[in-house]
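Sequential numbering from 1 along the given sequence is applied to the chain's residues. Whatever order the structure lists ligands and atoms in, that order sets their numbers, starting from 1.
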Amino acid sequence: MSPTSTPESASRNQDLPFELIEVVEVSRTEIEVVADMERVVCDRDGAVATLDRTPSDDRPMPTLPRDQRIVITIDGPAGTGKSSVARSLAKALGLDFLDTGAMYRAAAAIAIDHGIPASDAEAVVRETTKADLHFDWMKDPPTILAFGKPIDHRIRSADVGEIVSPIATIKPLREHMVRKQRIIAQQHPRLVTEGRDQGSVVFPDAAVKFYLDASPDVRARRRAEQLIASGHSADLGSITAEILDRDKRDSSRADGPLICPKDAICVDTSDLAFDQVVRTLHRHVLAAVGR
Ligand code: DC
């Protein structure tokens with residue numbers, strides 16, 4: 001968009017019922033992209049979630065008191081809008097947001113960039129430990145650093161996506177991540193954390209646990225819509241097969257498998273708009289803390 005503030009716009013400004021700060025030329029494509037962004041809610045991994053962004057309600061969502069220490073976990077498979085929902089919920093409640101998938105993605109990126117095969121568990125853990133993964137909490141959302149350098153872009157690339165699932169099955173790596181996540185929660189005691197094992201393994205005593213789900217068909221459709229919106233072709237059959245395969249791998253691994261913790265509130269996002277999901281979770285949190 002190019003700013004085009006002109007003398008005419010300045011004089012026209014006086015007749016307007018609002019203060020005109022700047023006139024910008026917007027192309028049709030830009031309008032379409034912005035309109036699309038209202039609907040296409042990408043998870044931070046670039047995957048998924050064409051949850052409808054139309055607000056269902058414009059009532060304000062109250063934040064939690066500043067002295068309220070609380071850990072809220074959100075688990076679930078890819079394609080449920082988990083990441084975006086967790087981030088919005090954290091913002092609405094005035095809490096910090098932790099994306100634990102980014103930590104496993106970082107380990108996968110480190111392995112690739114150091115020429116370590118996913119099968120060499122020992123080397124993956126050694127190099128990831130050396131990398132001293134941490135987040136820059138001054139950024140919104142927090143960005144992840146390895147070896148002191150931001151690697152947010154790197155961890156969203158396709159090669160990382162391809163090997164992160166086997167990397168995430170490495171038991172000592174998971175133990176390392178769980179320790180780190182618990183330290184993060186000590187340093188950020190007002191936290192919404194999302195992943196696969198947050199309510200079941202990492203924070204079994206979390207004040208509120210959510211499990212987001214959506215039918216494989218809906219998740220596959222969202223993924224296909226997202227691919228098409230970004231100019232790629234999409235085959236619904238193979239996307240569905242991929243999703244089912246990934247679900248099976250994530251749910252059947254020995255350590256930290258994807259499960260719905262028995263004390264979690266399960267929300268099926270298949271037929272819900274983004275705003276409805278965030279508001280539903282927000283209501284549950286307020287009820288849980290007695291507000
Ligand atoms: O949420 P995501 O797609 O960024 O997660 C990347 C990978 O890491 C995915 O294969 C699941 C795995 N993961 C995990 O095993 N445990 C977590 N707490 C978070 C993610």
Side-chain angles (χ1 to χ4, degrees), residues 41-49 51 71-87 90 97-112 118 121 124-125 128 133 135 141-144 146 151-185 191-204 206 209-214 219-220 222-223 226 239 242-261 264 269:
V41 183
C42 290
D43 265 301
R44 297 192 67 212
D45 60 1
V48 216
L51 286 172
V71 173
I72 297 166
T73 62
I74 305 185
D75 293 300
T80 51
K82 197 165 31 82
S83 218
S84 318
V85 166
R87 207 174 135 198
F97 158 67
L98 175 63
D99 169 7
T100 62
M103 300 171 75
Y104 289 96
R105 286 174 175 275
I110 291 165
I112 296 170
V124 172
V125 178
T128 304
L133 296 182
F135 288 89
T143 49
I144 189 160
I151 51 160
D152 252 67
H153 263 85
R154 177 71 189 99
I155 67 171
R156 310 286 160 203
S157 37
D159 57 345
V160 168
E162 273 163 29
I163 71 150
V164 64
S165 188
I167 289 277
T169 63
I170 300 174
K171 184 176 162 69
L173 183 73
R174 297 202 71 84
E175 289 166 352
H176 174 73
M177 297 304 193
V178 169
R179 269 196 303 277
K180 267 194 177 289
Q181 288 156 14
R182 288 182 180 151
I183 292 169
I184 289 172
L191 192 67
V192 176
T193 176
E194 69 87 1
R196 306 293 192 282
D197 58 349
Q198 297 301 285
S200 54
V201 173
V202 189
F203 302 108
K209 299 179 187 180
F210 294 105
Y211 186 86
L212 296 195
D213 210 350
R219 288 156 56 208
R222 287 173 180 170
R223 176 71 181 139
Q226 195 262 334
I239 294 173
E242 231 171 77
I243 281 179
L244 291 173
D245 185 51
R246 191 160 158 187
D247 282 359
K248 198 168 149 202
R249 242 181 304 141
D250 282 349
S251 316
S252 61
R253 68 174 172 234
D255 290 289
L258 172 65
I259 54 158
C260 176
T269 70

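- Contact between R249 and ligand 1 is absent, with no heavy atom of the residue lying under 4.0 Å from the ligand.
- Per-residue contacts place R253 under 4.0 angstrom from the following atoms of ligand 1 (heavy atoms of the residue considered): 14 (C), 15 (O), 16 (N).
- Of all non-hydrogen atoms in I155 and R105, the two that sit nearest each other are O-NH1, 3.3 Å.
- Put simply, no part of M103 is less than 4.0 Å from ligand 1, judged by heavy atoms.
- Between R154 and D159 there is a side-chain heavy-atom pair separated by less than 4.5 Å.
- Considering every non-hydrogen atom in both Y211 and I259, the closest pair reads CE1-O, 3.5 Å.
- Which parts of ligand 1 touch A168 is read off a 4.0 Å heavy-atom cut-off, strictly below it: atoms 12 (C), 15 (O).
- Proximity of Q181 to ligand 1 is not established, as no heavy-atom distance is less than 4.0 Å.
- Taking any N or O of R196, backbone or side chain, at least one lies under 3.5 Å from an N or O belonging to ligand 1.
- Taking all atoms of both residues into account, the shortest heavy-atom contact from P261 to K209 is CB-CD, 4.2 Å.
- Not a single N or O atom of Y104, backbone or side chain, sits closer than 3.5 Å to an N or O atom of ligand 1.
- The salt bridge (charged side-chain N to carboxylate O under 4.0 Å, His left out) with D255 is formed by just one residue from the set R174, R196, K171; it is K171.
- No hydrogens or angles considered: a donor-acceptor pair under 3.5 Å links the side chains of Q198 and T193.
- The shortest heavy-atom distance from M177 to ligand 1 is not under 4.0 Å.
- Those atoms of ligand 1 that come under 4.0 Å of a heavy atom in Q198, given as number and element, are 18 (N).
- Across R219 and G79, no two heavy atoms sit closer than the pair CG-O, 3.3 Å.
- Nearest residue to atom 9 (C) of ligand 1 from R105, R156, R246 is R246 (criterion: closest heavy atom).
- Between T100, D255, I167, it is T100 that holds the heavy atom closest to atom 19 (C) of ligand 1.
- At under 3.5 Å, not a single nitrogen or oxygen of D99, backbone or side chain, sits near a nitrogen or oxygen of ligand 1.
- Between D99 and F135, the shortest heavy-atom contact is O-CZ, 3.7 Å.
- Closest approach of T100 to G195, counting heavy atoms only: OG1-CA, 3.3 Å.
- At least one heavy atom of S165 sits less than 4.0 Å from an atom of ligand 1.
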